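First up is the structure itself, then whatever we jot down about it.
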2 protein chains.
Amino acid sequence: MTARSRSAPESPVGADEDELLPRGQRKQRTRDALIDAALQLMNEGRSFNSLGLREITRVAGVVPTSFYRHFKDTNELGLVLVEESGLTLRRMLREARRAGAPVKDMIRRSVQVYKAFVLSNRLHFLFVAGERSGGSPVIRSAIRNEVDQFIDEMTSDLRHLAIFPKLSPESLRMVCELVVNTMLHAATDILDLPPGDQALAKLQEDNHVHQVRLIFLGAQLWRDEAN
Amino acid sequence: MTARSRSAPESPVGADEDELLPRGQRKQRTRDALIDAALQLMNEGRSFNSLGLREITRVAGVVPTSFYRHFKDTNELGLVLVEESGLTLRRMLREARRAGAPVKDMIRRSVQVYKAFVLSNRLHFLFVAGERSGGSPVIRSAIRNEVDQFIDEMTSDLRHLAIFPKLSPESLRMVCELVVNTMLHAATDILDLPPGDQALAKLQEDNHVHQVRLIFLGAQLWRDEAN
DNA sequence: TTTTTCAGTGAACAGTTGTTGACAATCGAA
DNA sequence: TTCGATTGTCAACAACTGTTCACTGAAAAA
């Protein structure tokens, strides 16, 4: 497991009981503090691309030179974030797989589960959505890889569920790509929506549900021979 | 017309015959140089958010203090870029309107025209696609406004063309939103594709065509009463 | 025990950043 | 022609950036 524990995301580096940890864990801890610092800065409206090394270490509560003990670059930290976000995406897929296909109102339920998942993994989705087309070229292509992989897994899942038995593998993948892009964009909507406005949230949810329903409707009627 | 002429996009500021211009045009000219400098930097892989004031003036061939004669902020320059990009989007819509609905293989032709338009307005699409979910909050929301407006106009156009006569205005807008998001993401693909690879370009085009076809297929079968 | 490894520190560097104020040149109106 | 307005320049500023080096202290290895 590569994921971090991150029990207290905002504390610089555990100022409490800390000296009693073995060296490896101590290192891991400030490494996490650096990563969390970057995420925290993004949570305040900054884009990863514009984060400075010193800025990150300041929030992490560490001296700037320490950064180099863990990453050679801010870009390298970014790549770690891509990897983490990839894990988050796959965890989502795994949970969806475990839950199985709900028979009644499947799409609406999926959208609701997705929304909850986005909100409880806010920082990763913020990062992915933000840097997917904006960030530095190397990070952008890393994210693209991760998303492509995600689409592949989703394609395989839908294939085994046999929801669209008439679709060729290529067409099924095309459908999944459409859904993933739509929902990844929806994540931006979800994260930007001011909390508390129940009515607006409902409108937004309906919108997302309708879009996915329309895609699925199209997918059910798709004929490969005609394309 | 707010659009700039930009005959020689890379030259700092016309080092040639220039002194003989009236003051207003001279001002406009360095203003354009600043805007073009920002676009040029983005064309080299940078994100707008990370551009510095001095960096922009350096490329524009102007002293840093001159910047303040035109914009109070880099953010203000960004907002001008949003406006320009909005004009570009509407120009696209206007041309599509003028061309009318091609009867044969309408979607494929539209995708091809779109691709050509993206490539010949590379910088604006680069900016919009990049800052739509990545950039600073104020620019992001400005872009959202522009795109929303674009979706509205497209909805109105499709309404008058009566391609989907059974759809309610709300559903038609939902379809347009889906198409616009899909094609705006497609712009990233198009711009990232290394030029020259004919086979890959064909694959990409087919992919985009299929996605839009699937959406339209779903839209034709959509029943409002069931949703 | 002694020795080695290594995460974190502190001071210093050259370079860059955004912003200021005073100044020069010149266009356009009086 | 005179004069105010305005565009661009120059010099300077404090603050900040990424990166280096030598150093400390403690955990791990011998």
Side-chain angles (χ1 to χ4, degrees), chain A residues 4 11-38 41 44 46-80 135-136 138-139, chain B residues 4 11-38 41 44 46-80 135-136 138-139:
Chain A
R4 294 161 293 117
S11 72
V13 69
D16 304 330
E17 63 262 285
D18 195 23
E19 354 276 272
L20 37 94
L21 285 174
R23 187 137 79 176
Q25 290 189 32
R26 242 170 106 67
K27 171 165 185 176
Q28 187 70 239
R29 192 173 267 233
T30 71
R31 198 183 120 109
D32 291 355
L34 289 170
I35 297 178
D36 287 336
L41 283 167
E44 290 161 8
R46 312 280 315 278
S47 83
F48 177 80
N49 215 334
S50 68
L51 298 184
L53 182 151
R54 284 183 111 105
E55 199 176 1
I56 294 175
T57 59
R58 199 180 308 129
V59 173
V62 177
V63 99
T65 22
S66 267
F67 188 91
Y68 297 104
R69 303 283 185 209
H70 304 274
F71 314 98
K72 72 174 230 290
D73 239 7
T74 46
N75 246 329
E76 196 173 288
L77 192 158
L79 291 180
V80 172
S136 85
V138 39
I139 287 191
Chain B
R4 294 160 293 117
S11 73
V13 69
D16 304 331
E17 62 263 282
D18 195 24
E19 354 276 273
L20 38 95
L21 285 173
R23 186 137 79 178
Q25 290 188 32
R26 241 170 106 69
K27 170 165 187 177
Q28 188 70 239
R29 191 173 268 232
T30 71
R31 198 184 121 109
D32 292 354
L34 289 170
I35 296 178
D36 287 337
L41 283 166
E44 291 161 6
R46 310 280 315 277
S47 82
F48 177 79
N49 215 329
S50 68
L51 297 184
L53 181 152
R54 286 184 110 104
E55 198 176 3
I56 294 175
T57 58
R58 200 178 308 129
V59 173
V62 178
V63 96
T65 23
S66 267
F67 188 91
Y68 297 104
R69 303 287 185 204
H70 305 274
F71 315 98
K72 72 174 227 290
D73 240 9
T74 47
N75 246 330
E76 197 172 287
L77 193 157
L79 291 180
V80 172
S136 85
V138 39
I139 287 191

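Small disclaimer: the values here were computed from a predicted structure and weren't measured. Below, chains carry the letters A, B, ... as their sequence lines are ordered, and counting in each starts from 1.
Summarising the geometry, the separation between CG on B/Leu34 and P on C/dG18 is reported as 13 Å, rounded to the nearest angstrom. In this structure, A/Gln25 atom CD and D/dA28 atom C1' are separated by 15 Å, rounded to whole Å. As a whole-Å value, the separation of A/Arg26 CZ from C/dG8 P is 7 Å. Counting to the nearest Å, the P atom of D/dC16 and the CD atom of B/Glu55 are 20 Å from each other. Going from atom CD of A/Gln28 over to atom P of C/dC6 covers 16 Å, rounded to whole Å. Atom OH in A/Tyr68 sits roughly 6 Å away from atom P in D/dT20 (whole-Å rounding). Here the C1' atom of nucleotide D/dT7 and the CG atom of B/Asp32 are 15 Å apart, to the nearest Å. Going from atom CZ of B/Phe71 over to atom C1' of C/dG18 covers 17 Å, rounded to whole Å.
Residues B/Arg54 and A/His70 each lie close to DNA chain C; by heavy-atom proximity, the contact nearer the 5' end of the strand is made by A/His70.
Note that CG of A/Leu53 is 10.5 Å distant from CZ of A/Phe71, once rounded to the nearest 0.5 Å. Separation of atoms CG (A/Asp73) and CG (A/Leu79) is listed at 9.0 Å; rounding is to 0.5 Å.
Here B/Arg58 does not reach the OP1 or OP2 of C/dG18: none of its side-chain N or O atoms lies under 4.0 Å away. Note on A/Thr30: every side-chain N or O is 4.0 Å or more away from OP1 and OP2 of C/dA7.
When side chains are defined from C-beta on, B/Phe67 counts as touching B/Leu77, because their heavy atoms get closer than 4.5 Å. Counting heavy atoms from C-beta outward, B/Val80 and B/Arg31 have side chains that approach closer than 4.5 Å. Between B/Thr57 and B/Val63 the shortest side-chain heavy-atom distance does not fall below 4.5 Å.
Each of C/dA11, D/dC10, C/dA7 was ranked by its minimum atom distance to the side chain of A/Arg69; first place goes to C/dA7. Of the candidates C/dT9, C/dG18, D/dC10, the closest approach to any side-chain atom of A/Thr65 belongs to C/dT9.
Nucleic acid contact class of B/Phe67 (heavy atoms, under 4.0 Å, all strands): none.
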